[in-house]
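Each remark here refers to the structure printed beneath this line.
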Amino acid sequence: MTEYAVTRATFDEVMVPNYAPQAMIPVRGEGSRVWDQEGSEYIDFAGGIAVNALGHCHPKLVQAVKEQSDKLWHLSNVYANEPALALAQKLTEISFAEKVFFCNSGTEANEAAFKLARKYAFDNVGPEKHEIISFTSSFHGRSLFAVTVGGQPKYCEGYAPVPGGVTHLPYNDLEALKAAISDKTCAVVMEPVQGEGGVIAAEPEFLRGVRELCDQHDALLVFDEVQTGVGRTGDLYAYMGTDVVPDILTSAKALGGGFPVGAMLTTTRVAKSFGFGSHGSTYGGNPMACAVALEAVSLINEPAVLEGVVHKNELFRTELAKINEKYGIFKEVRGKGLLIGAELVEEWHGKGKEFLAAAAKEGLMLLVAGPNVLRMTPSLVIPDEDIREGMAALERAVAKVVA
Ligand SMILES: *Cc1c(COP(=O)(O)O)cnc(C)c1O
């Protein structure tokens with residue numbers, strides 16, 4: 001095995017400065033616990049940003065990687081492969097979808113979704129039906145098309161000219177959508193719960209209204225479930241806990257339990273517009289990723305795991321309420337399942353990152369969603385004991401920050 005003589009300082013020497021990682025470097029993980037170079041232990045409430053849905057190094061996922069790595073790593077899509085076909089079969093069995101396109105990330109899944117929506121409208125109506133409606137504060141990834149559809153202007157700054165034909169409307173505002181949608185709209189794109197935007201859920205009435213308006217104007221409804229999908233909200237996909245069904249759904253993050261993989265799910269009718277040669281990916285659907293994802297989805301799509309997510313949400317809320325009783329720092333705790341956001345009170349707005357750094361020092365890995373919201377997206381099977389221990393660390397961190 002290679003020994004690495006690297007430290008956090010190495011990051012500043014050799015990495016493009018688009019990230020600002022915490023001071024410690026984790027080297028090993030097991031379940032919801034992680035150890036750094038110094039051997040210090042952490043409770044992981046971040047889960048690799050809603051990715052490690054079964055914690056670190058889940059034995060069944062390790063086994064899936066090991067078995068597949070002895071068989072076949074990569075082919076390209078010039079050939080079909082068994083793990084990809086089996087995963088596609090599984091995803092179509094357990095969701096509304098009839099067809100699947102594989103890629104390597106959430107961004108790529110969304111790129112495929114946006115392109116398909118345009119192509120479907122082009123094929124069935126014409127080039128004038130190309131407008132995409134999305135929502136303020138939404139996040140759909142970092143490619144140029146994804147930041148353009150995303151509702152956070154800061155991610156577009158400096159990258160103009162960006163693709164045209166995209167409109168942003170306030171989230172949960174049906175009247176605004178009613179006024180803006182037209183027969184030129186090819187797709188309405190939304191997260192059922194906005195993740196990066198601050199952990200904000202769509203209201204049931206809004207969702208129903210969006211679906212109706214899409215139907216009236218023959219626009220496709222695209223659900224970006226990159227963060228909400230694969231058990232995160234307590235349903236396998238968040239749409240399953242609502243009474244609407246999208247036409248296209250994108251999935252990544254938890255799908256591979258830590259192994260990079262993305263998928264776009266849709267119906268046979270819509271999929272037709274991605275005819276031979278219309279889109280593609282070299283790695284998409286590679287056997288390693290699909291073997292792990294099949295195992296991850298199978299393990300997560302169990303009633304005990306999904307019910308556990310709902311129960312653990314309650315424990316998180318109880319523990320956060322206890323901290324809040326003492327320190328009064330949370331304005332609101334929101335979110336669904338194990339996608340939890342705790343918005344800081346006004347006077348601490350803009351200071352989310354300070355809590356992140358303080359938590360790391362106390363042995364807790366935490367996330368933010370924007371400057372004002374502490375976000376928790378732990379493993380879906382995090383033991384209750386780890387939740388309590390992590391909350392004790394959070395309380396110590398809060399005490400230090402507010403002192
Ligand atoms: C993380 C995320 C993406 C981007 O996924 P990547 O794998 O980083 O490309 C897109 N949409 C949502 C809702 C996300 O949370």
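Hydrogens, waters and symmetry mates are skipped; everything else that's a heavy atom, side chains included, is used. Whatever order the structure lists them in is the order used to number ligands and atoms, beginning at 1.
Residue Ser105 approaches ligand 1 through these ligand atoms, each under 4.0 Å from one of its heavy atoms: 7 (O), 9 (O). Here is the list of ligand 1 atoms found below 4.0 Å of a heavy atom in Asp224: 10 (C), 11 (N), 12 (C), 13 (C). With ligand atoms numbered from 1 in the order given, ligand 1 contributes 15 (O) to contacts under 4.0 Å with heavy atoms of Gln227. Near Gly141, meaning under 4.0 Å from one of its heavy atoms, ligand 1 places the atoms 4 (C), 10 (C). Residue-ligand proximity, Glu191 to ligand 1, at heavy-atom distances under 4.0 Å covers atoms 13 (C).
Salt-bridge formation is detected for the pair Arg396/Glu362: a Lys NZ or Arg NE/NH1/NH2 atom is positioned less than 4.0 Å from an Asp or Glu carboxylate oxygen. With respect to Lys272 and Asp123, no salt bridge is recorded, no charged nitrogen being found less than 4.0 Å from a carboxylate O. For Glu354 and Lys351, the salt-bridge test fails: no basic side-chain N is under 4.0 Å from an acidic carboxylate O. With respect to Lys322 and Glu319, a salt bridge is recorded, a charged nitrogen being found less than 4.0 Å from a carboxylate O.
Distances between N or O atoms of Gly106 and those of ligand 1 include at least one value under 3.5 Å. Taking only nitrogen or oxygen atoms, main chain and side chain alike, Glu108 does not reach within less than 3.5 Å of ligand 1.
Among Val226, Val189, Thr107, the residue whose heavy atom lies closest to atom 8 (O) of ligand 1 is Thr107.
Contacts with ligand 1 closer than 4.0 Å are made by side-chain heavy atoms of Asn110 only, the backbone lying farther away. Heavy atoms of His140 found under 4.0 angstrom from ligand 1 belong exclusively to the backbone. For Lys253, every heavy-atom contact with ligand 1 shorter than 4.0 Å involves the side chain, none the backbone.
Residues Ala252 and Gly262 share a closest heavy-atom pair of CB-CA, 4.0 Å.
Side-chain contact, Asn81 with His74: no donor N or O sits under 3.5 Å from an acceptor N or O.
No donor-acceptor pair under 3.5 Å is formed between the side chain of Asp386 and the backbone N or O of Gly31.
A cation-pi arrangement is absent between Arg33 and Tyr42, since the terminal nitrogen or guanidinium carbon is not both under 6.0 Å from the aromatic centre and inside a 45° cone about the axis.
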